[in-house]
Participant: 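I have a structure here, written as structure tokens, and I will follow up with some questions on it.
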Protein chains: 2
Amino acid sequence: MKLSTRGRYGVKAMFELALHYGGDPVSIKEIAERQNISEYYLEQLFASLRKAGLIKSVRGSKGGYILSRPPKEITIADIFGVLEGPIEISDCITQEMNCSRINYCATRILWLKISNSINEILNSTTLQDVVNDYNSLQEKTKGEGE
Amino acid sequence: MKLSTRGRYGVKAMFELALHYGGDPVSIKEIAERQNISEYYLEQLFASLRKAGLIKSVRGSKGGYILSRPPKEITIADIFGVLEGPIEISDCITQEMNCSRINYCATRILWLKISNSINEILNSTTLQDVVNDYNSLQEKTKGEGE
DNA sequence: CAAATTCCGAGTAAAAAAGTAGGATTTTAA
DNA sequence: TTAAAATCCTACTTTTTTACTCGGAATTTG
């Protein structure tokens with residue numbers, strides 16, 4: 001049970017943009033280096049995020065990307081939605097008529113419960129929360145190590 | 001963001017066994033037909049479930065499978081754990097040292113929160129719950145349609 | 001003994017994920 | 001005005017995973 005890299009890379013990259021929110025645009029190259037992600041691959045992810053309206057691009061030299069909205073208005077669900085597509089625990093929920101009648105509803109209820117509960121976390125967590133986690137971690141580890 | 005068929009088929013099949021708990025063993029063929037799953041494929045899934053101790057086999061003619069424990073003692077997490085492997089939102093959590101230092105912990109906290117919350121539902125839902133959902137659905141739809 | 005079943009290991013085709021590449025366009029700044 | 005740095009766009013390739021198939025051995029029932 002694994003999440004694809006798309007969502008993970010996407011969140012990491014968006015986190016970088018959140019850290020720089022309000023400042024200069026950040027280039028793909030920079031993010032790819034800091035997060036150790038393939039530059040070309042990340043470019044594709046950003047194309048999707050831009051088309052979905054989550055980020056804005058600034059073209060040309062000194063260009064890069066910025067968040068379209070403040071970090072607290074962008075949820076992890078927004079990012080996953082674009083990069084991973086909707087949560088489909090079972091296609092039972094979309095193409096309903098393929099299941100055998102006998103258990104159709106029993107397991108469907110289960111899939112619904114699961115996806116609802118996943119959606120709930122993803123919807124309730126914003127980029128700002130991640131930034132806050134990061135900041136409080138910085139506080140705690142101040143002075144430790146290099 | 002999609003679950004593979006393994007977990008889904010597995011739960012459906014285990015649900016069938018739960019319905020027959022206490023009775024005769026149920027054959028793969030029967031389940032495959034009722035749930036519209038490839039017989040050979042299901043056979044493989046059952047091999048894993050058996051090795052993991054969730055089900056027991058009865059060989060030979062009139063043989064089949066039965067649950068090793070009562071339905072209320074088998075969680076969806078048990079089944080998914082066997083068929084889908086552990087939830088790995090990010091390998092950050094296992095091979096910790098590959099991330100760049102700067103955000104290592106911030107996103108890791110997020111992945112932990114997400115997997116914890118998914119695990120919570122999966123752990124707290126048992127086969128018995130699914131059977132109960134099924135039964136109460138049977139009650140409600142009694143008399144409707146064929 | 002024949003039929004029904006589990007058991008086991010190997011193989012395969014299709015789909016999805018992950019990454020790569022090349023070149024056009026835009027903007028900055030020397 | 002030109003070179004460099006970036007986005008933009010489309011397509012291709014490789015790798016991995018998923019889903020499924022197959023053949024035959026072993027076990028049990030009637």
Side-chain angles (χ1 to χ4, degrees), chain A residues 1-10 12-13 16-17 20 24-33 35-68 80 82-86 88-91 98, chain B residues 1-10 12-13 16-17 20 24-33 35-68 80 82-86 88-91 98:
Chain A
M1 200 172 166
K2 233 162 58 178
L3 198 66
S4 78
T5 56
R6 290 174 63 89
R8 209 159 71 229
Y9 288 177
K12 287 181 173 199
E16 290 288 335
L17 296 189
H20 291 82
D24 287 336
V26 189
S27 74
I28 282 182
K29 197 176 175 188
E30 237 176 301
I31 296 177
E33 267 165 24
Q35 296 288 349
N36 198 33
I37 298 173
S38 148
E39 205 175 316
Y40 290 117
Y41 193 40
L42 189 55
E43 198 178 301
Q44 292 183 354
L45 305 187
F46 268 29
S48 302
L49 292 168
R50 183 176 57 80
K51 280 168 194 157
L54 295 184
I55 59 180
K56 282 178 189 160
S57 65
V58 179
R59 298 189 69 173
S61 180
K62 298 272 172 184
Y65 292 88
I66 55 176
L67 296 182
S68 300
F80 278 18
V82 172
L83 297 176
E84 305 264 354
E88 290 176 24
I89 302 293
S90 171
D91 46 8
N98 276 351
Chain B
M1 198 169 167
K2 233 163 55 180
L3 199 65
S4 78
T5 56
R6 290 176 61 88
R8 210 161 68 230
Y9 287 176
K12 287 181 172 199
E16 290 288 336
L17 297 189
H20 290 81
D24 287 336
V26 189
S27 74
I28 283 182
K29 197 175 175 189
E30 236 176 300
I31 297 177
E33 265 165 24
Q35 294 290 346
N36 199 34
I37 298 174
S38 148
E39 204 175 316
Y40 291 119
Y41 192 40
L42 190 55
E43 198 180 299
Q44 291 183 354
L45 305 187
F46 269 28
S48 302
L49 292 168
R50 184 177 56 80
K51 281 170 194 158
L54 294 184
I55 60 180
K56 282 178 191 161
S57 65
V58 178
R59 299 188 69 172
S61 181
K62 300 270 172 188
Y65 293 88
I66 54 176
L67 295 184
S68 299
F80 277 18
V82 171
L83 297 177
E84 303 266 354
E88 289 176 25
I89 302 292
S90 171
D91 45 9
N98 276 350

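Worth saying up front: this structure is predicted, and the values here are computed from it rather than measured. Residue numbering restarts at 1 for every chain, and letters A, B, ... go by the order of the sequence lines.
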Participant: With rounding to the nearest 0.5 angstrom, report the CD to OG distance, E84(A) to S48(A).
Facilitator: 11.5 Å
Participant: Specify the separation, in whole Å, of atom CG of L42(A) and atom C1' of dA21(C).
Facilitator: 16 Å
Participant: Measure the CG-CG distance between L17(A) and L67(A) for me, rounded to the nearest 0.5 Å.
Facilitator: 5.0 Å
Participant: Would you say Y40(B) places a side-chain N or O within less than 4.0 Å of OP1 or OP2 belonging to dC22(D)?
Facilitator: no
Participant: Quick check on DNA chain D: between V58(B) and G60(A), whose nearest nucleotide comes earlier from the 5' end?
Facilitator: G60(A)
Participant: Atom CG of L45(A) and atom C1' of dA17(C): how far apart are they, to the nearest Å?
Facilitator: 11 Å
Participant: State whether R50(A) places a side-chain N or O below 4.0 Å from either non-bridging phosphate oxygen (OP1 or OP2) of dC8(D).
Facilitator: yes
Participant: Rounded off to whole Å, could you give me the NZ-to-C1' distance for the K62(A) and dA29(C) pair?
Facilitator: 9 Å
Participant: Base, sugar-phosphate, or nothing: which does Y65(A) touch, judged by heavy atoms less than 4.0 Å apart?
Facilitator: sugar-phosphate
Participant: Can you identify which nucleotide, out of dC7(C), dT6(C), dT18(D), has its nearest atom closest to the E43(B) side chain?
Facilitator: dC7(C)
Participant: Nearest-nucleotide wise, let me know which of R6(B) and E30(A) is further upstream toward the 5' end of DNA chain D.
Facilitator: E30(A)
Participant: OP1 or OP2 of dA3(C) sitting under 4.0 Å from any side-chain N/O of S61(B)?
Facilitator: no
Participant: Taking N and O atoms by type only, does the side chain of R59(B) place a donor or acceptor under 3.5 Å from a partner on the base of dT27(D)?
Facilitator: no
Participant: Measure the distance from CD on Q44(A) to P on dG19(C) and round it to the nearest whole Å.
Facilitator: 10 Å
Participant: Is there a side-chain contact between V26(A) and E16(A), using heavy atoms and a 4.5 Å cut-off?
Facilitator: no
Participant: For I55(B) and dT6(C), what is the distance between atoms CD1 and C1' respectively, to the nearest whole Å?
Facilitator: 11 Å
Participant: Side-chain N or O of S38(B) versus OP1/OP2 of dT21(D): is the shortest distance under 4.0 Å?
Facilitator: yes
Participant: If you only use heavy atoms from C-beta on, which nucleotide in dC8(C), dT20(C), dA19(D) is closest to the side chain of K51(B)?
Facilitator: dC8(C)
Participant: Output the rounded distance in Å from CD (E33(B)) to P (dA4(C)).
Facilitator: 13 Å
Participant: Between T5(A) and dA18(C), is there a contact of a side-chain N or O with OP1 or OP2 at under 4.0 Å?
Facilitator: yes
Participant: When rounded to the nearest 0.5 angstrom, what is the spacing between CD in E30(B) and CG in D24(B)?
Facilitator: 9.5 Å
Participant: In whole angstroms, how far is the C1' atom of dA17(C) from the CG atom of L3(A)?
Facilitator: 12 Å
Participant: Without decimals, in angstroms, what is the distance between E39(A) CD and dA18(C) C1'?
Facilitator: 16 Å
Participant: How long is the gap from CG on L49(B) to CD1 on I55(B), to the nearest 0.5 Å?
Facilitator: 5.0 Å
Participant: Would you tell me if any nitrogen or oxygen in the side chain of S57(B) comes within less than 4.0 Å of OP1 or OP2 on dT5(C)?
Facilitator: no
Participant: Given dC9(D), dC7(C), dC20(D), which nucleotide is nearest the side-chain atoms of Y41(B)?
Facilitator: dC20(D)
Participant: Got a donor-acceptor contact below 3.5 angstrom from the R6(B) side chain to the L83(B) backbone?
Facilitator: yes
